[in-house]
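Dropping the structure in here first, questions after.
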Amino acid sequence: KAGVTQTPRYLIKTRGQQVTLSCSPISGHRSVSWYQQTPGQGLQFLFEYFSETQRNKGNFPGRFSGRQFSNSRSEMNVSTLELGDSALYLCASSSQGTPSPTGELFFGEGSRLTVL
Amino acid sequence: AQSVTQLGSHVSVSEGALVLLRCNYSSSVPPYLFWYVQYPNQGLQLLLKYTSAATLVKGINGFEAEFKKSETSFHLTKPSAHMSDAAEYFCAVRRGGGTSYGKLTFGQGTILTVHP
């Protein structure tokens, strides 16, 4: 069974540009969450989608947005990039059925964004 | 709001020695607790989780953790360290209740170094 797939794995952008990251969850998983990982702030929750609806959002500016498609694939977009947006962006999927508080999140390997 | 504190950003042990990684949580409701491991340039992998079924939880690769409500702790242990255990370890808490389970609150992480 294929795991969570994130593309691209690495990318370099300049300040002011925008970027779109893609995440394909494990087959059958309907929930996708996004996290930002930086050395200074650690792992921070960005947002969660379930059946194409955003269920939860972290404390990030409106430049960070996401969406989920009918096949559960998800994308996140960051507009007007800043140097501080350099990070590893991790996607996680879960919930083949009804979401559960004990359910495991399965993480992809991440997309490493460098903003110059 | 829930939070997680990992005591010690770096822990160094000799191969064959006991591994003890400390995690304390704060949560206003019964928590669901997780330990994840991250190897360089990879995503997070679940080691074990506490779901209130048992206070002593066994995970993969010989790791276990004990939930102590009175101490609000969920420390991770392994009796005998192996070189392959060198990685970064994250404790995380998920709030019970509600319907959004994609959000985990992570500790700052502990880098485990294993010396031969």
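Here is the naming used below: chain letters follow the sequence lines, and residue numbers restart at 1 for every chain. Being a predicted model, the structure only gives us computed values, none of them experimental.
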Exercise. Would one find more than 12 heavy atoms of other residues, nucleotides or ligands at under 6.0 Å from atom CG of N59(A)?
Worked result: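 No, CG of N59(A) has 12 or fewer neighbouring heavy atoms, counting only those of other groups under 6.0 Å.
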Exercise. Hey, are the side chains of F107(A) and Y36(B) touching, using non-hydrogen atoms and a 4.5 Å cut-off?
Worked result: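 Result yes, sub-4.5 Å side-chain heavy-atom pair found.
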For this session: List the steps, then state whether side chain to side chain contact (heavy atoms under 4.5 Å, CB included) holds for F106(B) with Y35(A).
Result: CA-CA 10 Å; F106(B) 285 89; Y35(A) 288 81; 3.7 Å; yes
Problem set entry | Contact class of L46(A) relative to chain B, heavy atoms under 4.5 angstrom |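 Nothing of L46(A), per the 4.5 Å heavy-atom cut-off to chain B.
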Exercise. Has the side chain of E48(A) got a donor or acceptor atom that lies under 3.5 Å from a matching backbone atom of G102(B)?
Worked result: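 At least one qualifying donor-acceptor pair exists.
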Problem set entry | Proximal component of Q41(A), with respect to chain B [non-hydrogen, under 4.5 Å] |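 Just the backbone, heavy atoms under 4.5 Å.
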Exercise. Out of curiosity, does L76(B) fall in the hydrophobic cluster containing L56(B) (side-chain heavy atoms, cut-off under 4.5 Å, transitive links)?
Worked result: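 No, L56(B) and L76(B) fall in different hydrophobic clusters.
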For this session: Apply the test side chain to side chain contact (heavy atoms under 4.5 Å, CB included) to residues L105(A) and K103(B): give CA-CA distance (whole Å), side-chain angles for both, the deciding distance (0.1 Å), then the verdict.
Result: CA-CA 9 Å; L105(A) 295 188; K103(B) 179 180 180 180; over 6 Å; no
Exercise. V32(A) and V4(A): same hydrophobic cluster, using ILVMFWY side-chain contacts below 4.5 Å?
Worked result: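 No, V32(A) does not connect to V4(A) through the hydrophobic network.
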Exercise. Among the clusters formed by ILVMFWY side chains lying less than 4.5 Å apart, do L116(A) and Y10(A) turn up in the same one?
Worked result: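 No: no chain of side-chain contacts under 4.5 Å links L116(A) to Y10(A).
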Exercise. Where is the tightest heavy-atom contact between R9(A) and N41(B), given as atom of each residue plus distance?
Worked result: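 Minimum heavy-atom contact is NH2-O, 3.4 Å.
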Exercise. Does CZ belonging to R73(A) count more than 12 external heavy atoms closer than 6.0 Å?
Worked result: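 Yes, enclosed.
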Exercise. Side chain, backbone, both or neither: which part of Q42(B) has a non-hydrogen atom closer than 4.5 Å to chain A?
Worked result: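 Interface part for Q42(B): both.
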For this session: Treating Ile, Leu, Val, Met, Phe, Trp and Tyr as nodes and any side-chain heavy-atom pair under 4.5 angstrom as an edge, say whether F64(A) and F45(A) lie in one connected cluster.
Result: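 Different hydrophobic clusters.
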Problem set entry | Distance, nearest 0.5 Å, that separates CG of L48(B) from CD of E104(A) |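 If we round to the nearest 0.5 Å, L48(B):CG and E104(A):CD are 10.5 Å apart.
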Exercise. Where does Y49(A) contact chain B at under 4.5 Å (heavy atoms): side chain, backbone, both or neither?
Worked result: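 Neither the backbone nor the side chain of Y49(A) comes within 4.5 Å of chain B.
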For this session: Check each atom of Y50(B) against the heavy atoms of chain A and say whether the ones under 4.5 Å are side chain, backbone, both or neither.
Result: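 Neither the backbone nor the side chain of Y50(B) comes within 4.5 Å of chain A.
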Exercise. Roughly how far, to the nearest 0.5 Å, is the CG atom of L44(B) from the CD atom of Q37(A)?
Worked result: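 Reported value, rounded in 0.5 Å steps: 6.5 Å.
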For this session: Measure distances from Q45(B) to the heavy atoms of chain A and classify the residue's part below 4.5 Å as side chain, backbone, both or neither.
Result: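 Neither part, no heavy atoms under 4.5 Å.
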Exercise. Looking at A92(A), G108(A), G58(A), C91(A), which has the largest count of heavy-atom pairs under 4.5 Å with chain B?
Worked result: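 Option with the top pair count is G108(A).
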For this session: Pick one of side chain, backbone, both or neither for L43(A), based on which atoms fall under 4.5 Å of a heavy atom in chain B.
Result: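 Interface part for L43(A): both.
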Problem set entry | Other residues, nucleotides, ligands: >12 heavy atoms within 6.0 Å of R15(A) CZ |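 No, CZ of R15(A) has 12 or fewer neighbouring heavy atoms, counting only those of other groups under 6.0 Å.
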For this session: Spell out, yes or no, whether V93(B) and L46(B) are grouped together once hydrophobic residues are joined by side-chain heavy atoms under 4.5 Å, including indirect joins.
Result: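 Per the 4.5 Å side-chain linkage, V93(B) and L46(B) are not co-clustered.
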